[in-house]
Peer 1: 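Have a look at this one.
Chain identifiers are assigned alphabetically (A, B, ...) following the order of the sequence lines, protein sequences preceding nucleic acid strands; residue numbering begins at 1 within each chain.
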Amino acid sequence: MIDSILAEYISEAVHTHFGLAEEGVFLEIPGNPEHGDFSTNIAFKLAKPLKKAPAAIAIEISELLNQTHLNDGISFTPLNGFINLTLSDRALFALLAQPFSSYPIQSRKVNLEFVSANPTGPLHIGHGRWAVMGSAIASLLSEVGHDVTCEFYINDAGNQIDNFRASISAVKNNSPIPENGYHGAYIKELASSDLDPVAAMLADHKTVLAALGVAFDIWYSKSSLHASGLVKEMIQKIEENNLSYKADGALWFKTTEFGDSKDRVLIKADGALTYFCVDIAYHFEKTKREYDQLIDIWGADHHGYVPRMRAALRGICGDDYAGDRFKVIIGQLVSLFRNGEPVRMSKRTGEMITLSEVMEEIGVDATRFFLIQKSHDTSIDFDLAVAASQTSENPVYYIQYAHARIASILRKADDTIPSTMDDAAGPLEPSERDLLIMILRYRREILTSATNYLPHQLATYLIQLSKAFHAFYHNCPILNSEPGIKKRRLAILSTTQKTLKMGLHLLGISAPDSM
RNA sequence: GCGCCUGUAGCUCAGCUGGAUAGAGCAACGGACUUCUAAUCCGUAGGUCGGCAGUUCGAAUCUGCCCGGGCGCACCA
């Protein structure tokens with residue numbers, strides 16, 4: 001980890017010079033390249049405790065750091081209170097050559113639940129977003145050292161399922177579809193088949209998700225939860241702990257005692273369990289599997305559900321679950337357009353474009369990238385016409401093209417590809433240097449994307465990396481250059497290719513060798 | 001009414017525990033292919049970061065109020 005190494009140098013200097021144990025050294029990437037390769041604002045932070053001007057602190061720390069590290073090619077330049085760090089070519093090569101051991105994190109056993117679509121209809125683009133986000137987050141968390149289990153909760157029991165089955169039967173019997181029933185071509189299709197509709201729908205979900213490159217370790221069935229007796233056990237526990245009461249013929253959970261805005265019904269007056277009740281039981285079951293963290297990915301249309309689920313978990317399992325041990329990632333919704341016209345998406349009316357149709361129309365890689373490239377906090381307007389026709393609007397090709405270009409050159413090179421670089425052939429060209437600095441940032445980008453659960457940051461980084469590569473490609477001939485330079489550039493190509501490939505792989509996107 | 005998300009270039013969006021002159025792609029305009037893949041590169045133009053206050057050495061980023069957009073406020077799932 002490049003920043004941990006450099007940040008460590010700075011904290012050491014702060015410690016020896018000022019006697020302060022400074023943990024919070026954070027390196028940033030300066031917007032202005034004249035400000036060096038990295039910079040830190042540590043002098044501003046120390047100004048208050050030391051009662052000293054930031055500029056003076058920056059000068060003192062820089063002097064000390066230069067004494068110890070200038071020989072290694074790392075220079076520290078104080079400027080207006082900032083400390084700017086510049087790496088020499090030699091230092092850059094050395095840092096790139098350093099074997100990577102592990103990320104500075106505490107490994108956790110994580111359960112990540114996502115998609116969990118009702119098997120009452122085909123998956124749509126919204127499910128696609130949760131699927132892509134979930135799989136990318138899982139890859140990132142695993143990459144930095146967590147032990148991740150991906151889980152899909154199969155909602156195969158309850159009212160919706162009953163309505164769904166009733167709708168199929170109605171079509172089969174040529175009778176009208178019930179009021180809350182489902183419509184659409186897929187209902188007719190299922191009605192004309194002898195397969196169990198729920199099983200068929202679930203099988204379809206599995207096929208589509210697999211095609212999208214999304215894999216689950218556990219498919220947890222709601223009906224198996226009912227069969228296990230866990231719901232009873234949980235209700236008993238709630239009652240024993242005096243967390244419930246009867247009113248209006250229903251059994252209520254005192255979720256307000258744990259931060260919810262109102263109490264919630266567990267057992268309805270007619271004796272049926274609420275969806276909430278079963279869902280808590282499911283989460284309760286997950287807590288029994290001893291994960292360090294439970295993560296759910298939900299659509300924004302369910303965000304209001306977060307406080308009550310957290311309250312329930314706190315009530316049943318304790319305040320462990322008040323914080324990050326239970327985490328819900330809310331993804332804003334996706335709206336589908338075609339040529340600027342909204343495409344309605346309603347399972348009930350059957351007017352919809354399915355996820356698998358979108359994948360077919362614009363391709364799996366483009367679909368994944370489009371859905372991963374934006375922060376989960378922004379809602380997405382997905383225009384099919386734009387995504388399909390104007391490939392330049394989808395930067396996934398830009399990244400893949402970089403990879404393919406490299407593969408092509410390496411195919412043509414007869415040389416063995418060196419794994420390390422040196423400055424024997426003279427100083428680096430600016431665009432060589434920019435590219436290498438960008439590669440040096442890779443681990444850092446992975447770590448921040450993973451710890452913030454923000455895969456789109458990795459996507460953004462890969463675009464920048466590709467940009468740096470394309471510029472390098474344009475400015476620096478490789479195969480026709482003088483042998484020493486050629487050797488170095490082949491090594492640069494190879495490192496770039498590996499980095500692109502790893503990044504794309506984490507996002508579940510292919511890295512083609514030709515395009 | 002209350003809660004969550006959101007408002008950045010004509011459009012779609014980045015902007016990393018608050019940092020130095022706010023970025024990219026597309027669209028517009030002008031250049032670069034007899035030379036490793038032009039799905040590329042280089043340049044020009046384009047901004048009161050929704051508005052007003054506040055916090056601070058420093059605010060697109062934090063706080064408050066206001067305006068606009070999305071979503072949610074069930075003994076539905």
Side-chain angles (χ1 to χ4, degrees), chain A residues 24 26-32 34-35 39-41 44 47-48 53-55 79-82 84 118 120 155 158-161 163 180 247-252 261-262 264-270 272-279 299-307 330-333 335 373-381 383 386 390-398 400-402 404-413 431 441 444-445 447-449 451-452 454 456-457 459-461 463-464 466-467 469-481 486 489 493 514-515:
Chain A
F26 179 75
L27 293 182
E28 6 189 6
I29 315 287
N32 183 344
E34 283 173 25
H35 293 151
S39 73
T40 178
N41 60 359
F44 288 96
K48 220 172 209 174
L79 182 62
N80 302 329
F82 293 93
N84 298 330
N118 289 356
T120 53
N155 202 349
N159 284 351
Q160 304 277 25
I161 291 291
N163 288 341
N180 287 324
D248 305 327
L251 184 71
W252 297 71
S261 56
K262 74 188 276 286
R264 307 290 170 178
V265 171
L266 293 171
I267 304 178
K268 297 186 254 184
D270 66 4
L273 302 172
T274 57
Y275 174 86
F276 179 53
C277 176
V278 184
D279 206 14
D301 51 346
H302 288 99
H303 78 268
Y305 200 74
V306 179
I330 296 296
Q332 297 301 312
L333 303 178
S335 312
Q373 133 191 55
K374 291 159 194 183
S375 157
H376 63 79
D377 276 336
T378 39
S379 44
I380 295 181
D381 289 344
D383 195 306
V386 170
Q390 286 182 289
T391 54
S392 47
E393 291 240 0
N394 196 325
V396 69
Y397 302 111
Y398 184 78
Q400 290 183 320
Y401 185 55
R405 268 182 150 178
I406 296 172
S408 169
I409 300 174
L410 292 181
R411 269 195 302 273
K412 286 186 181 160
S431 53
R441 282 171 47 185
R444 162 201 177 94
E445 296 293 333
L447 185 62
T448 56
S449 301
T451 52
N452 298 320
L454 296 176
H456 82 276
Q457 291 187 341
T460 304
Y461 165 77
I463 295 173
Q464 291 173 352
S466 304
K467 187 171 175 59
F469 165 74
H470 286 303
F472 159 78
Y473 175 90
H474 193 261
N475 291 326
C476 301
I478 295 141
L479 296 178
N480 297 326
S481 54
K486 180 179 179 187
R489 289 185 179 161
L493 280 185
S514 64
M515 284 175 74

Peer 1: Any side-chain N or O of A/Lys467 less than 4.0 Å from the OP1 or OP2 oxygen of B/G23?
Peer 2: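 No, no such contact exists.
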Peer 1: Does B/C75 have OP1 or OP2 sitting under 4.0 Å from an N or O in the side chain of A/Lys262?
Peer 2: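 For A/Lys262, the contact criterion (side-chain N or O under 4.0 Å from OP1 or OP2 of B/C75) is met.
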Peer 1: Heavy atoms only, 4.0 Å cut-off, all strands: where does A/Asn32 land among base, sugar-phosphate and nothing?
Peer 2: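 Since a base atom lies under 4.0 Å of A/Asn32, the category is base.
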Peer 1: Classify A/Ser408 by what it touches in the nucleic acid, base, sugar-phosphate, or nothing, heavy-atom distance under 4.0 Å.
Peer 2: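 Counting heavy atoms under 4.0 Å across all strands, the contact made by A/Ser408 includes a base.
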Peer 1: With a cut-off of less than 4.0 Å, is there a side-chain N or O of A/Tyr397 near OP1 or OP2 of B/C26?
Peer 2: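 Indeed not, no polar side-chain atom of A/Tyr397 lies that close.
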Peer 1: Side chain of A/Pro30, heavy atoms from C-beta onward: which of B/U37, B/A20, B/C41 has the nearest atom to it?
Peer 2: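 Of the options given, the side chain of A/Pro30 lies nearest B/A20.
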Peer 1: Does B/A39 have OP1 or OP2 sitting under 4.0 Å from an N or O in the side chain of A/Tyr401?
Peer 2: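 So the side-chain polar atoms of A/Tyr401 do come within 4.0 Å of the phosphate oxygens OP1 or OP2 of B/A39, strictly under.
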Peer 1: Does OP1 or OP2 of B/U56 have a side-chain N or O of A/Lys48 closer than 4.0 Å?
Peer 2: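 For B/U56, OP1/OP2 do not have a side-chain N/O of A/Lys48 under 4.0 Å.
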Peer 1: Give one of base, sugar-phosphate or nothing for A/Tyr473, where a contact means two heavy atoms less than 4.0 Å apart.
Peer 2: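 Touches a base.
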Peer 1: Rounded to the nearest 0.5 Å, what's the gap from CD on A/Gln373 to CG on A/Asn394? Could you check?
Peer 2: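 So the gap between those two atoms works out to 6.0 Å.
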Peer 1: Assuming nearest nucleotide by heavy-atom distance, tell me which of A/Arg441 and A/Leu333 is located more 5' along RNA chain B.
Peer 2: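 Nearest-nucleotide comparison on RNA chain B picks A/Arg441.
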Peer 1: Tell me what A/Ser261 touches on the nucleic acid: a base, only sugar-phosphate, or nothing, going by heavy atoms under 4.0 Å.
Peer 2: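 Touches nothing.
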Peer 1: With respect to the side chain of A/Ala471, which nucleotide from B/C41, B/A14, B/A38 is positioned closest?
Peer 2: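 Looking only at side-chain atoms, A/Ala471 lies closest to B/C41.
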Peer 1: Given B/C41, B/C71, B/G19, which nucleotide is nearest the side-chain atoms of A/Asn41?
Peer 2: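 The closest nucleotide is B/G19.
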Peer 1: To the nearest Å, give me how far apart CG (A/Asn452) and C1' (B/G15) are.
Peer 2: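 Atom CG in A/Asn452 sits about 14 Å away from atom C1' in B/G15.
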Peer 1: Taking 4.0 Å as the cut-off, does a side-chain nitrogen or oxygen of A/Ser466 come that near to OP1 or OP2 on B/U40?
Peer 2: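 The answer is no; no side-chain N or O of A/Ser466 sits under 4.0 Å from OP1 or OP2.
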Peer 1: Taking any heavy-atom pair under 4.0 Å as a contact, classify A/Asp248: base, sugar-phosphate, or nothing.
Peer 2: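 Base contact.
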Peer 1: Which heavy atom in A/Val265 sits nearest to a heavy atom in A/Thr274, and how many Å separate them?
Peer 2: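 Taking every non-hydrogen atom into account, O-OG1, 3.0 Å.
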Peer 1: Which heavy atom of A/Thr448 sits nearest to which heavy atom of A/Gln457, and what is that distance?
Peer 2: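 Scanning both residues, the minimum pair turns out to be OG1-OE1, 3.8 Å.
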Peer 1: Evaluate whether the aromatic ring of A/His302 and the six-membered ring of the B/G72 base sit under 5.5 Å apart, centre to centre, with an inclination under 30°.
Peer 2: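 No.
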Peer 1: Do any side-chain nitrogens or oxygens of A/Lys268 fall under 4.0 Å of OP1 or OP2 in B/A77?
Peer 2: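 For A/Lys268, the contact criterion (side-chain N or O under 4.0 Å from OP1 or OP2 of B/A77) is met.
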Peer 1: With a cut-off of less than 4.0 Å, is there a side-chain N or O of A/Arg405 near OP1 or OP2 of B/A38?
Peer 2: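 For A/Arg405, the contact criterion (side-chain N or O under 4.0 Å from OP1 or OP2 of B/A38) is met.
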Peer 1: Whether A/Arg441 engages the ring of A/Tyr461 as a cation-pi pair (distance to the six-membered ring centre under 6.0 angstrom, angle to the ring normal within 45°) should be assessed.
Peer 2: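 Cation-pi check for A/Arg441 and A/Tyr461: fails.
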Peer 1: When we call it a touch if two heavy atoms are under 4.0 Å apart, what does A/Ala300 touch: a base, just sugar-phosphate, or nothing?
Peer 2: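 Sugar-phosphate contact only - A/Ala300 comes under 4.0 Å of backbone atoms but never of a base.
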Peer 1: If the glycosidic angle sits within 90 degrees of zero it is syn, else anti. Tell me which applies to B/C33.
Peer 2: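 Base orientation relative to the sugar is syn.
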Peer 1: Just N and O in the side chain of A/Asn118: are any of them under 4.0 Å from OP1 or OP2 of B/A77?
Peer 2: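 Looking at the OP1 and OP2 atoms of B/A77, neither is under 4.0 Å from any side-chain N or O of A/Asn118.
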Peer 1: Looking at CZ of A/Arg444 and OG of A/Ser449, how far apart are the two atoms once the value is rounded to the nearest 0.5 Å?
Peer 2: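 The distance works out to 11.0 Å.
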Peer 1: Is A/Ser375 side chain donor-acceptor paired with the B/A14 base, going by distance under 3.5 Å alone?
Peer 2: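 Counting by modelled atom types and ignoring angles, no donor-acceptor contact under 3.5 Å is found here.
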Peer 1: Using whole Å, what does the distance between atom P of nucleotide B/C16 and atom NE2 of A/His456 come to?
Peer 2: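 Atom-to-atom, A/His456 to B/C16, this comes out as 9 Å.
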Peer 1: Under 4.0 Å between any heavy atoms, over every strand shown, what does A/Cys476 touch: base, sugar-phosphate, or nothing? Just pick one.
Peer 2: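 Since a base atom lies under 4.0 Å of A/Cys476, the category is base.
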Peer 1: In whole angstrom, give me the gap between the P atoms of B/G19 and B/C36.
Peer 2: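 The same atom, P, in both gives a distance of 44 Å.
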Peer 1: Under 5.5 Å centre to centre and under 30° between planes: does that hold for A/Phe82 and the six-membered base ring of B/A20?
Peer 2: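 Yes, aromatic ring over the base.
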Peer 1: Got A/Leu447 and A/Glu445 here, is their nearest side-chain heavy-atom distance under 4.5 Å?
Peer 2: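 Side-chain contact under 4.5 Å: no.
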Peer 1: Given the structure, check if the side chain of A/Asp301 and the base of B/A77 hold any donor-acceptor pair shorter than 3.5 Å.
Peer 2: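 Looking at the base of B/A77, it does not pair with any donor or acceptor on the side chain of A/Asp301 (distance under 3.5 Å).
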Peer 1: Between A/Gln457 and B/G15, does any side-chain N or O lie under 4.0 Å from OP1 or OP2?
Peer 2: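 Checking B/G15 against A/Gln457, a side-chain N or O does come within under 4.0 Å of OP1 or OP2.
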Peer 1: RNA chain B in dot-bracket, Watson-Crick or G-U pairs under 3.5 Å, [ ] crossing, | other strand?
Peer 2: (((((((..((((.....[...)))).(((((.......))))).....(((((..]....))))))))))))....
Peer 1: On RNA chain B, compare the nucleotides closest to A/His303 and A/Leu27; which residue's is nearer the 5' end?
Peer 2: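 Going by which nucleotide is closer to the 5' end, it is A/His303.
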Peer 1: Within this structure, what is the CD1-to-C1' distance between A/Ile29 and B/G23, rounded to whole angstrom?
Peer 2: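 Checked: the CD1 to C1' distance equals 15 Å.
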